[in-house]
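See below for the structure under consideration.
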Amino acid sequence: MKKILFALVVVSLFSCAGEAQMSDINSSDMRGKIVYEDANVVFRQLDEHTWIGNGNLAYNESLYIVEGNERALLIDAGTHIPKLDSIVASITSKPVTLMVTHLHADHAGPAVNLFPEIYINAADLVLVPNDMRDNYKGEIKFLTDGEVIDLGGRQIEVIFTPGHSPGSTSFFDKANRYGFSGDAFGSTNLLVFTNLSTVMYTAQRIERYMKQNEIRFLFPGHYSGNNLETLQRVIDIKDICRELLDGERQPVSSSGNNGGMDKMVDDKGVRIYFSSLTGFK
Ligand SMILES: [Zn+2]
């Protein structure tokens, strides 16, 4: 009986999703129709084959389901979302592969263990097991910079975007002209766990990539309202890093506890935190 009830709920959720008024992804409003909700996560539909989930433990940490004709990607796994595998299966009927933007605990939480394999950028292995907790029991596989993942009628390009973490990675859907950037550009607050020169390199690279491919925006790793990453945000980050490195701009002291980051810049809607000891050059 319970099973039947569950199936009914799933079917009704799914048909809701089918009838959903598609959110206008051209606008910067990410809040599409809710297709799944429990105490730990809310999933909303972004377009016909793309969904965003938000956990509630780490500034609305974001997960994305990106579906093709044959398979789907789950980009990130949140902080602590029990039964994430069955939740995702209630939204997409395609086989799902887990890939992460980086291995911080709010993106690669214990739910990673619900998936038999996880694709990461090898540079983030330094974060295992401290950040990716619960010692992952499945198989860790490595992403390759520039590789294109074919989901069946939908291609996703993998671009390494180090800076926030050594192995931060972004995923681009060139046909739809958007990407998924995790915390690489900060989701408003850019915490630099490497150094400013690495962030500048990544911002330069992604500025060029976004221009070449006419990418309209990037979905960030945390949802705080109207905070899609834009080309202008990427350019501003590049410029601020260059000015800091050239000594043209002076950071201020950071009062809050941001992972030992004692310096910050708050300008142009960008907040960059870094360590004066390890995060400069
Ligand atoms: Zn992070």
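One is the number of the first residue; the rest follow in order along the sequence. Order of appearance sets the numbers: ligands from 1, and atoms from 1 within every ligand.
Taking the centre of each ring, Phe171 and Phe180 stay at or above the 6.0 Å mark.
Ring-plane geometry between His102 and His107 is classed as tilted, the angle between the planes lying from 30 to 60 degrees on a 0 to 90 degree scale.
Taking the N/O/S atoms of His104 in turn, the shortest distance to the Zn ion (ligand 1) belongs to ND1.
The Zn ion (ligand 1) lies at 2.8 Å or more from every N, O or S atom belonging to His107. Here Asp183 reaches the Zn ion (ligand 1): one of its N/O/S atoms is less than 2.8 Å from the metal.
Note on Lys141 versus Glu117: salt bridge recorded, some NZ/NE/NH1/NH2 to OD/OE distance being below 4.0 Å.
Vertex the Zn ion (ligand 1); arms to His102 atom NE2 and His164 atom NE2; angle 100° (nearest 10°).
Applying the 6.0 Å contact sphere to NZ of Lys83 captures no more than 12 heavy atoms from other residues, nucleotides or ligands.
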